[in-house]
Amino acid sequence: MIKGFKMKLFPGQEEEYEKRHNQLWPEMKDMIHEHGGKNYTIFLDKETLTLFGYIEIEDEELWAKGADTAINRKWWDFMADIMETNPDNSPVSIDLKNVFHLD
């Protein structure tokens with residue numbers, strides 16, 4: 001299953017966002033894989049500061065359980081100062097509808 005979603009950075013945080021992801025914690029990588037995620041990619045639209053995420057997951061229910069892990073909540077807290085978040089520090093994330101896929 002393929003998921004696409006968008007999030008939003010605060011102005012001036014582009015380099016910091018990329019830096020933090022280039023240094024993604026090993027525990028966070030493990031959690032993503034343990035909850036069925038692979039081929040995870042995030043793109044940035046510099047004009048709008050919109051982030052576009054793409055991830056392949058095994059199962060929607062398994063993937064959703066990753067949000068309740070301690071390492072994921074720690075990551076949300078770590079990222080909350082540079083992007084739009086909900087009251088629990090989860091990123092404001094809007095699922096996108098898949099309208100075309102080749103191969």
| When clusters are formed from ILVMFWY side-chain contacts under 4.5 Å, directly or step by step, what else is grouped with I2? | F43, F52, Y54, L96
| Option among L44, L49, D45 that satisfies the side chain to side chain contact (heavy atoms under 4.5 Å, CB included) test with E47 | D45
| query | What residues, two or more places apart in sequence or in another chain, satisfy ring-ring contact (aromatic ring centres under 6.0 Å, His included) together with W63? | reply | none
| message | Taking D88's backbone N and O only, do any of them form a donor-acceptor pair with R73's side chain (distance below 3.5 Å, no angle check)? | response | no
| task | Walk me through it: do I42 and Y17 pass the test side chain to side chain contact (heavy atoms under 4.5 Å, CB included)? | result | CA-CA 11 Å; I42 301 172; Y17 185 89; 3.3 Å; yes
| request: Look up atom NZ in K19 and atom CG in L24, then write down how far apart they are to the nearest 0.5 Å. | output: 14.0 Å
| task | Measure the CG-CD1 distance between L9 and I82 for me, rounded to the nearest 0.5 Å. | result | 6.0 Å
| said: Looking at every non-hydrogen atom in both residues, tell me the closest pair between K38 and I55 and how far apart they are. | reply: O-CG1, 3.5 Å
| Could you walk me through whether M83 and M7 pass the side chain to side chain contact (heavy atoms under 4.5 Å, CB included) check? | CA-CA 8 Å; M83 62 190 303; M7 302 175 290; 3.8 Å; yes
| request: Hey, could you give me the OG1/NE2 distance between T69 and H35, rounded to the nearest 0.5 Å? | output: 6.0 Å
| query | So which heavy atom on N89 is nearest to which on W76, and how close? | reply | O-CB, 3.3 Å
| query | Would you call E16-R20 a salt bridge at under 4.0 Å N-O? | reply | yes
| message | Students often mix this up, so state it plainly: with edges at 30° and 60°, are the rings of H21 and W75 parallel, tilted or perpendicular? | response | perpendicular
| Presence of salt bridge, E56 and K3, under 4.0 angstrom | no
| field | Cluster companions of F100 among Ile, Leu, Val, Met, Phe, Trp, Tyr (side-chain spacing under 4.5 Å) | value | L102
| message | Less than 4.5 Å apart, side chain to side chain, heavy atoms only: is that true for M1 and E58? | response | no
| Is the backbone N or O of T48 less than 3.5 Å from a side-chain atom of K8, with the two atoms forming a donor-acceptor pair by type? | yes
